[in-house]
Amino acid sequence: MASEPPPLLTMSGITKSFPGVRALDGVDLQVQAGEVHCLLGQNGAGKSTLIKVLAGAHQPDGGSITWQGETVQLSSPITAMRLGIATIYQELDLVEGLSVAENVFLGHEPTSGGFVVRTREARTAAAALLERLGHPEIDPAREVGDLSAAHQQIVSMARALSHDVRLIVMDEPSAALDPDEVDNLFRIVDGLTSDGVAVVYISHRLEEIRRIGDRVTVLKDGRAVAVGLPAAATPTRDIVAMMTGRDVEYVFPPRPAADAPPNTAEPVLTVEGLCREGEFEAVDLELRPGEIVGLAGLVGSGRSEILETVYGARRPTAGRVSVGGTPLRPGSVRAAVAAGIGLAPEERKAQALLLTESVTRNVSLSTLSRFARGGWLDRGAERAAARRATRELSLRPDNPDAAVRTLSGGNQQKAVLARWLLRGCRVLLLDEPTRGVDVGARAELYAVIRRLADEGLAVLLVSSEVPEVLGLADRVLVLREGRVVHEAAAQELDEHRVLDLVMEGSPTS
């Protein structure tokens with residue numbers, strides 16, 4: 001029997017400390033050529049630090065790295081790239097204002113005499129890479145900022161492949177993709193590995209690990225608690241237990257009992273005939289206090305656009321939104337917030353948080369006037385109020401002065417929820433509330449959302465993950481191409497039924 005070939009990459013005993021934090025504590029990782037090696041762990045487990053060491057962005061304090069059998073020092077990202085190691089981060093590092101081709105060859109542009117960029121050659125080569133990735137429709141001359149999130153990710157992959165790459169690190173590559181785009185991503189990964197390229201794949205979606213992974217390494221608290229487990233043969237329960245240190249699954253908090261009296265309260269939110277040309281049309285829904293209603297559908301079905309229109313961030317072309325029976329001024333966020341509507345948007349870092357500001361300032365952002373005293377801000381009162389709100393949601397660490405950028409994804413989301421809790425909103429709009437959130441923190445967020453609903457808050461939820469919508473919502477509206485095609489109690493639906501409705505799109509009476 002032939003012996004297994006030596007690893008393409010071996011990281012042994014990697015340590016890395018930051019002031020007050022030991023981020024990596026003797027981590028081992030081995031990756032074979034042509035395999036998909038999944039790197040798992042909760043937020044804060046050390047995944048990001050480890051891949052930054054691999055990318056040359058961080059220098060380890062201890063340990064060794066072997067590449068193709070030789071010990072190497074990854075002193076910079078350029079060094080890593082020259083060896084054939086490329087990293088595609090979750091927050092893409094494309095340069096808006098430059099074209100697709102300029103981004104693909106950024107830093108190693110084809111030139112004449114070392115000065116004049118051969119633009120036509122760059123575009124031709126970029127087109128060939130995009131075709132290899134299954135997206136010949138992306139124009140190399142187009143400005144990258146005009147592309148969708150999915151197409152921007154393809155451009156980042158093309159940039160990696162523009163080098164002689166042997167290993168690609170993909171950090172949450174499916175986070176912004178719909179199911180069809182995820183399938184295309186997996187097709188691309190299969191093509192890479194069949195060419196001998198290794199992929200280190202990071203995802204919070206454990207079902208993806210089953211589909212695409214060969215082996216799994218699990219990190220917890222900066223240590224590798226499992227190295228190179230077979231992805232297909234390791235039970236999900238075991239993986240989750242290793243990640244969290246306890247036996248946790250995707251468990252949703254219980255809904256009101258089936259024999260509980262029906263919710264007959266007057267609707268707090270009423271949407272009538274809401275339309276926005278080219279995005280969605282004729283949306284009707286009612287939302288009562290204590291109720292969670294989910295919107296299910298593919299990316300592009302109008303889910304997020306409906307939430308943003310209800311919130312006033314988009315102006316409808318027809319229809320109206322009422323809170324407590326009072327119509328809101330269309331296209332006015334100020335009117336929506338004043339009426340008691342809060343939004344936790346899909347891109348919380350870009351759209352909801354001031355990353356360099358403290359937890360206190362992020363939580364108090366919508367209620368600052370409450371803490372004004374004679375033209376001055378009462379910072380003590382602001383801090384105390386924010387701390388009460390964050391403690392109610394068990395935000396960690398319990399430090400109102402911490403910069404919000406230092407928090408994990410789950411705790412950043414809690415900071416956004418605490419803002420609206422402090423505001424005393426009546427309707428909470430949640431767009432992809434657990435995107436980029438690990439398994440244990442998901443369970444906490446589910447419990448928080450259900451508790452807020454049980455206390456009388458009305459919640460309108462959007463998620464790309466159908467099990468999340470079905471597990472958390474009381475009622476579900478299924479969308480296809482901007483139209484509601486079905487409405488039912490969540491208990492009356494399953495994932496297959498929802499996907500059938502999404503693909504068929506035929507209205508159901």
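Atom set for the values below is all heavy atoms of this structure, side chains included, hydrogens, waters and symmetry mates excluded.
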Starting from the C-alpha separation in whole Å, work towards a yes-or-no answer on side-chain hydrogen bond (donor to acceptor under 3.5 Å, both in side chains) for Ser301 and Glu481.
-> CA-CA 4 Å; Ser301 62; Glu481 296 179 354; over 6 Å; no
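- For the pair Ser174 and Tyr201, the minimum side-chain heavy-atom distance is below 4.5 Å.
- Contact annotation: the side chain of Leu229 never approaches that of Thr217 to less than 4.5 Å [non-hydrogen atoms, C-beta and beyond].
- A donor-acceptor pair under 3.5 Å is absent between the side-chain atoms of Arg475 and the main chain of Ala488, judged by distance alone.
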Should Ile306 and Leu479 be marked as a side chain to side chain contact (heavy atoms under 4.5 Å, CB included) after you check the CA-CA gap, both sets of side-chain angles, and the distance that decides it?
-> CA-CA 11 Å; Ile306 291 170; Leu479 295 164; 3.8 Å; yes
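- Checked for salt-bridge contact, Lys414 and Glu444 meet the test: a charged N lies under 4.0 Å from a carboxylate O.
- Counting non-hydrogen atoms of neighbouring residues, nucleotides and ligands closer than 6.0 angstrom, the CZ atom of Arg405 reaches no more than 12 such neighbours.
- Judged by distance alone, with hydrogens and angles left aside, the side-chain atoms of Arg426 form no donor-acceptor pair with the main-chain N or O of Val323 at under 3.5 Å.
- Trp420 places a side-chain N or O within donor-acceptor distance of the main-chain N or O of Leu343, the cut-off being under 3.5 Å.
- For the residue pair Glu208 and Ser203, a side-chain donor N or O sits within less than 3.5 Å of a side-chain acceptor on the partner.
- Within the 3.5 Å criterion, the main-chain N or O of Ala231 finds a donor-acceptor partner in the side chain of Arg210.
- A salt bridge links Arg483 with Glu281: the closest approach of a Lys/Arg side-chain nitrogen to an acidic carboxylate oxygen falls below 4.0 angstrom.
- Residues Ala389 and Leu421 come closest through the heavy atom pair O-CD2, 4.0 Å.
- When side chains are defined from C-beta on, Leu461 does not count as touching Ile449, because their heavy atoms never get closer than 4.5 Å.
- Smallest separation of non-hydrogen atoms from Leu219 and Ala224: CD2-CA, 3.7 Å.
- Ion pairing between Asp171 and Lys52 fails under the 4.0 Å rule for side-chain N and carboxylate O.
- A donor-acceptor pair is defined here as one N or O able to donate and one able to accept, closer than 3.5 Å; no such pair exists between the side chain of Asp474 and the backbone of Glu291.
- Ion pairing between a basic and an acidic side chain is recognised when a charged N comes within 4.0 Å of a carboxylate O; Arg288 and Glu286 show such pairing.
- For the pair Met170/Val189, a side-chain contact is recorded, criterion being any heavy-atom separation below 4.5 Å from C-beta on.
- With a 6.0 Å radius and a threshold of 12 heavy atoms from other residues, nucleotides or ligands, Glu137 has its CD atom above the threshold.
- No side-chain donor-acceptor contact under 3.5 Å links Ser358 and Asp401.
- A heavy-atom distance below 4.5 Å is not found between the side chains of Arg22 and Asp221.
- Taking each heavy atom of Leu328 and Ala339 in turn, the nearest pair found is CD2-CB, 3.5 Å.
- Shown here are the side-chain hydrogen bond (donor to acceptor under 3.5 Å, both in side chains) partners of Glu35, two or more places apart in sequence or in another chain: His37, Arg215.
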Walk me through it: do Arg497 and Glu492 pass the test salt bridge (charged side-chain N to carboxylate O under 4.0 Å, His left out)?
-> CA-CA 9 Å; Arg497 175 62 174 148; Glu492 297 173 3; over 6 Å; no
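- Atom CD of Gln412 sits about 6.0 Å away from atom CZ of Arg348, to the nearest 0.5 Å.
- In summary, Glu172 and Arg435 do not engage in a salt bridge, as defined by a charged side-chain N under 4.0 Å from a carboxylate O.
- Panel note: side chain Thr317, backbone Cys275; a donor-acceptor pair is recorded below 3.5 Å.
- Glu305 places no side-chain N or O within donor-acceptor distance of the main-chain N or O of Arg276, the cut-off being under 3.5 Å.
- Here Gln351 contributes atom CD and Asp431 contributes atom CG; the two are 8.0 Å apart, rounded to the nearest 0.5 Å.
- Put simply, OG on Ser366 and CZ on Arg419 are 6.5 Å apart, with the number rounded to the nearest 0.5 Å.
- Counting heavy atoms from C-beta outward, Leu39 and Val169 have side chains that stay 4.5 Å or more apart.
- Ion pairing between a basic and an acidic side chain is recognised when a charged N comes within 4.0 Å of a carboxylate O; Arg442 and Glu465 show such pairing.
- The two residues Ala415 and Val363 come nearest to each other via the heavy atoms O-CG2, 3.8 Å.
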Would you check, one step at a time, whether the test salt bridge (charged side-chain N to carboxylate O under 4.0 Å, His left out) holds for Asp183 with Arg211?
-> CA-CA 10 Å; Asp183 289 341; Arg211 291 178 60 188; 2.7 Å; yes
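- Ion pairing of Asp25 with Lys16 is absent here, as no side-chain N (NZ or NE/NH1/NH2) approaches a carboxylate O to less than 4.0 Å.
- Taking CG from Leu54 and CG from Leu167, the interatomic distance works out to 6.0 Å, rounded to the nearest 0.5 Å.
- The pair Arg451-Glu392 counts as a salt bridge, with a side-chain nitrogen and a carboxylate oxygen less than 4.0 angstrom apart.
- Taking a 6.0 Å sphere around CD of Glu277, one finds it holds 12 or fewer heavy atoms contributed by other residues, nucleotides or ligands.
- Between Arg303 and Glu432 there is a salt bridge, since a side-chain N of the basic residue sits under 4.0 Å from a carboxylate O of the acidic one.
- Taking the side-chain hydrogen bond (donor to acceptor under 3.5 Å, both in side chains) definition, one finds that Arg329 meets it with Ser332, sequence neighbours left out.
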Checking side chain to side chain contact (heavy atoms under 4.5 Å, CB included) for the pair Val359/Thr390: CA distance, chi angles, key distance, verdict?
-> CA-CA 9 Å; Val359 171; Thr390 57; 3.9 Å; yes
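- In this structure Glu272 satisfies the salt bridge (charged side-chain N to carboxylate O under 4.0 Å, His left out) test together with Arg320, sequence neighbours excluded.
- With a 4.5 Å cut-off on side-chain heavy atoms, Leu460 and Leu430 do not count as touching.
- Here the shortest heavy-atom pairing between Glu96 and Val144 reads CA-CG1, 4.0 Å.
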Verdict with reasoning, Val469 to Val466, per side chain to side chain contact (heavy atoms under 4.5 Å, CB included) | CA-CA 5 Å; Val469 175; Val466 175; 5.5 Å; no
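- One distance of note links CG of Leu285 with CG of Leu269; it measures 6.0 Å at 0.5 Å rounding.
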For the pair Val498 and Leu470, evaluate side chain to side chain contact (heavy atoms under 4.5 Å, CB included) and give the outcome as yes or no after the intermediate values.
-> CA-CA 9 Å; Val498 171; Leu470 297 179; 4.1 Å; yes
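- No side-chain donor-acceptor contact under 3.5 Å links His151 and Gln153.
- Using bins of under 30°, 30° to 60° and over 60° for the plane-to-plane angle, the ring pair Tyr446/Phe252 lands in the tilted bin.
- Across Leu445 and Gly410, no two heavy atoms sit closer than the pair CD2-O, 4.2 Å.
- The shortest distance between side-chain heavy atoms of Leu452 and Val459 does not fall below 4.5 Å.
- Arg391 places no side-chain N or O within 3.5 Å of a backbone atom of Asp398 that could act as its donor or acceptor partner.
- Within the 3.5 Å criterion, the main-chain N or O of Leu472 finds a donor-acceptor partner in the side chain of Arg450.
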